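Everything on this sheet refers to the single structure shown next.
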Amino acid sequence: MSVFVNQLGFYERGEKRAILPFECRQFWLINEAGDICHEGETQEFGYDKASGDQVTVADFSAFTTPGKYRVKAARAVAESDQKSVSVEYSPWFEIGPHVYDKLGHDLMKAYYYLRCGCDLTEEYAGPYVHKACHVGKTVLWEDHDAVIEATGGWHDAGDYGRYITAGACALAHLLYAWRMYPEVFEGKSYDIPESGNGVPDVLNECRYELEWFLKMQRADGGVYHKLTTARHAAFVMPEEDLKQLYALPVSSSATADHAAICAMAATTYRPYDAEFSARLEKAAKRSYGWLKAHPEFLGFRNPPGCGTGEYGEWDDGSNRFWAAAEMYSLTGEKSYHDDLKMFLHEKKFPLMALGYGEVGGFGILAYLLSKQGKSADLMARFFQEIVKDAAQRVRTSEECGYGVALAEWEYGWGSNMGVMRHGMSFAIADYFGLEEKVKEAAKTIGMPERFVWPGHPVEPYVQGPREKRGWSMRDHAAAELDYLVGCNALGISYVTGNGENAYRYPHLRPAHADGIEECMPGMVSGGPNRHRQDAKAKEVIPEGTPSMKSFADEYEAYSLNEITIYWNSPAVFTLAYLTSKESR
Ligand code: G3I
Ligand code: 9MR
Ligand code: ZN
């Protein structure tokens, strides 16, 4: 199969494309009965740097009839022999209003499977049951006699650690998805124990993590950076991971993110549970109080003897900015507004970031969506940042034959987070009515800055072919999703259980240890990583493999094929945007 397409399918309106990594003139859409339903001429893109492919585009946007189809194309095998053609097909996909219903469900249900500290029962987990895990006592890394109670939360990823900054990032994506597109989540059940309690399930699921957040705060307001064993567990079920649990030292990045997300959640949950909202508000204020008392950056590095995820940062400017913005949004108090202006002025950090380290974009969202009084200057500055960010991503995607907004050098560890995070970028620009400004800016803006390792030569930037498509923000976001679920150079859907050729073997301990062949659905893989940062990746991917093809569906390859809570969440956000757009 070498015709690549979104394996779930398309809503009736909007861009619909398949990508052919070979030259060919014509293509057809075939239905299940074998009839030709549509035929069209392809367009040549040219050499695509990220995939190393000569790319041809089959655009069937004009075709809108709901149904199940695949793309057929005839590829000339030899130039000299016109009769010798091989017929190539894409996987099956659908056109219709419900093509992403299962994906939307599965992406959120994934969080239930990652719950720590409770039994996963057959009623909700089907075959993927396990007993309550990580319920042994937790002691402070710095004082083994000090015991804290901090069960609960989600496992971060393929490992069983629980990390505050990673959790805050996932929660921010999910809670902002809810805040911006509530109609997409209202009435949706993810078949979790709380379903039907009158609270939207997306909030029920996020509360599971938030309750754990509340437990990770020290009496003085400081927040422990993470809770893990000293080393990553073997590939065993979570309840068999019985090594000593530690709360690792407080960091200012974790404390700031904690203040931010608790403040945000206090507003979000107020209409549903005033008591919970009050607890969140109190916790946020205590975290913020700690930050005020500790204005200097307190970073986190793994202490000797600890080898679990580090999530280290080099400064906390964006974290403090986000915290101040959320506190202002919650309370309307001037002091927080002063603080956020001070951080903007005094600290240097990328503003429109939506990750686990750099979080400035969440601060921007907090400010722009807040009901408190706002400074026109700040609003203008934030809008400008949103436009610049989205325009750069339009620019990047126009240089990719697959239409994805990732430059060839950006396929690193967790590249699929980048893909879906850029979907968020388009969504956010559209939300604030900035589409035309983005399109205009994209005409002249350059490629995003390329990171160069200190001491390494700066490779000259060679522009590849560029297809100026003039797409809407919606179509750009859709193209990001298309890539995630199959329209990529390997023709793989990077979401388990979703798509005819979905990957199956994530670096995810329970998925391997449970002995069940099929992984639980809805898990987003990290995706291609041109740096191949683990032994298995180095073994199975030859040096020099193009970026977009630097992936293998191997459970041991953690730098390619792990899953995390903050790789699912930007997909939830981007899909919520697309779904909300569709219903309007
Ligand atoms: O920031 C630079 C970038 O500018 C440069 O272009 C690129 C080139 O390699 O490197 C970038 O740094 C990368 C960094 O992520 C930021 O993206 C590092 O190479 C890369 O090693 C690092 O990977 C992180 C990985 O932990 C190793 O530290 C992932 O982002 C992060 O998601 C991952 O997180 C782990 C947790 O520690 C433990 N739990 C699982 C989770 C997922 O694998
Ligand atoms: O399984 C771990 C994964 O969750 C992490 O992202 C990764 C990097 O911290 O580490 C993995 O654990 C590996 C460990 O670092 C080295 N020995 C092999 C482990 C995987 O089986
Ligand atoms: Zn657990």
Side-chain angles (χ1 to χ4, degrees), residues 165 168-169 171-182 252-253 255-270 277 280-281 284-285 287-288 291-292 315-391 421 424-435 437-438 473 569-570 573 576-577:
T165 55
C169 172
L171 284 169
H173 294 150
L174 297 175
L175 294 178
Y176 275 110
W178 157 257
R179 187 169 285 184
M180 292 164 71
Y181 313 108
S252 57
S253 24
T255 306
D257 286 10
H258 184 273
I261 209 68
C262 288
M264 182 199 183
T267 306
T268 307
Y269 287 83
R270 195 179 290 142
S277 165
L280 288 162
E281 178 161 354
K285 286 182 172 158
S287 292
Y288 204 86
L291 292 171
K292 292 294 265 188
D315 62 72
D316 61 8
S318 74
N319 313 76
R320 284 178 192 259
F321 166 69
W322 180 26
E326 296 287 4
M327 291 303 286
Y328 178 65
S329 173
L330 174 65
T331 65
E333 281 167 29
K334 184 174 173 299
S335 65
Y336 297 120
H337 200 273
D338 293 344
D339 282 0
L340 85 89
K341 280 200 340 211
M342 178 191 70
F343 294 136
L344 274 177
H345 186 68
E346 286 179 6
K347 311 227 178 207
K348 276 220 164 2
F349 53 88
L351 261 176
M352 253 317 278
L354 303 163
Y356 59 75
E358 291 297 340
V359 294
F362 303 133
I364 289 185
L365 286 179
Y367 194 78
L368 291 177
L369 295 174
S370 116
K371 300 209 161 61
Q372 313 294 353
K374 289 187 272 263
S375 129
D377 284 355
L378 278 186
M379 285 177 69
R381 179 162 171 204
F382 294 159
F383 286 144
Q384 212 178 0
E385 287 294 328
I386 291 171
V387 169
K388 184 180 133 204
D389 173 58
R421 175 254 174 267
M424 291 179 67
S425 183
F426 301 126
I428 291 168
D430 194 14
Y431 186 92
F432 292 109
L434 301 167
E435 173 162 291
K437 290 210 165 95
V438 173
M473 296 298 96
S569 51
F573 187 111
Y577 162 64

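Along the sequence shown, the residues carry numbers beginning at 1. In this text the structure is predicted, and so the values were computed from the model without any measurement. Computation of the quantities below employed the complete heavy-atom set of this structure, encompassing side-chain atoms and omitting hydrogens, waters and symmetry-equivalent molecules.
Taking D316 as the reference, R320, K347 meet the salt bridge (charged side-chain N to carboxylate O under 4.0 Å, His left out) condition, with sequence neighbours excluded. Judged as a side-chain hydrogen bond (donor to acceptor under 3.5 Å, both in side chains), and not counting sequence neighbours, the contacts of S569 are H173. Partners of F426 according to the ring pair (Phe, Tyr, Trp, His ring centres under 6.0 Å) rule, which considers only residues two or more places apart in sequence or in another chain, are H476. Y176 pairs by the side-chain hydrogen bond (donor to acceptor under 3.5 Å, both in side chains) definition with E326, not counting sequence neighbours. Not counting sequence neighbours, K388 has no partner by the salt bridge (charged side-chain N to carboxylate O under 4.0 Å, His left out) test. Scored by the side chain to side chain contact (heavy atoms under 4.5 Å, CB included) test, T268 finds L175, W178, R179, L203, M264 as partners (sequence neighbours excluded). Partners of Y577 by side-chain hydrogen bond (donor to acceptor under 3.5 Å, both in side chains), not counting sequence neighbours, listed by chain and number: D430. For S318, the side chain to side chain contact (heavy atoms under 4.5 Å, CB included) partners are F349, E358, V359, not counting sequence neighbours. Residues that satisfy the side-chain hydrogen bond (donor to acceptor under 3.5 Å, both in side chains) test with E435, not counting sequence neighbours, are absent from this structure.
For the residue pair D257 / T165, no side-chain donor-acceptor distance below 3.5 Å is found, with atom types taken as modelled.
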Result block: side-chain N/O donor-acceptor pairs under 3.5 angstrom for residues 372-383, not counting sequence neighbours:
| residue | atom | partner | partner atom | Å |
| --- | --- | --- | --- | --- |
| Q372 | NE2 | S329 | O | 3.0 |
| K374 | NZ | L368 | O | 3.3 |
| K374 | NZ | S370 | O | 2.4 |
| S375 | OG | D377 | N | 3.3 |
| S375 | OG | L378 | N | 2.9 |

Return a table of donor-acceptor pairs under 3.5 angstrom between the side chains of residues 336-344 and protein atoms on other chains or two or more places apart.
| residue | atom | partner | partner atom | Å |
| --- | --- | --- | --- | --- |
| H337 | NE2 | Y367 | OH | 2.7 |
| D338 | OD1 | K334 | NZ | 3.3 |
| D338 | OD2 | K334 | NZ | 3.0 |
| D339 | OD1 | K292 | NZ | 3.1 |
| D339 | OD2 | Y288 | OH | 2.7 |
| D339 | OD2 | K292 | NZ | 2.9 |

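Taking a 6.0 Å sphere around CD of Q384, one finds it holds 12 or fewer heavy atoms contributed by other residues, nucleotides or ligands.
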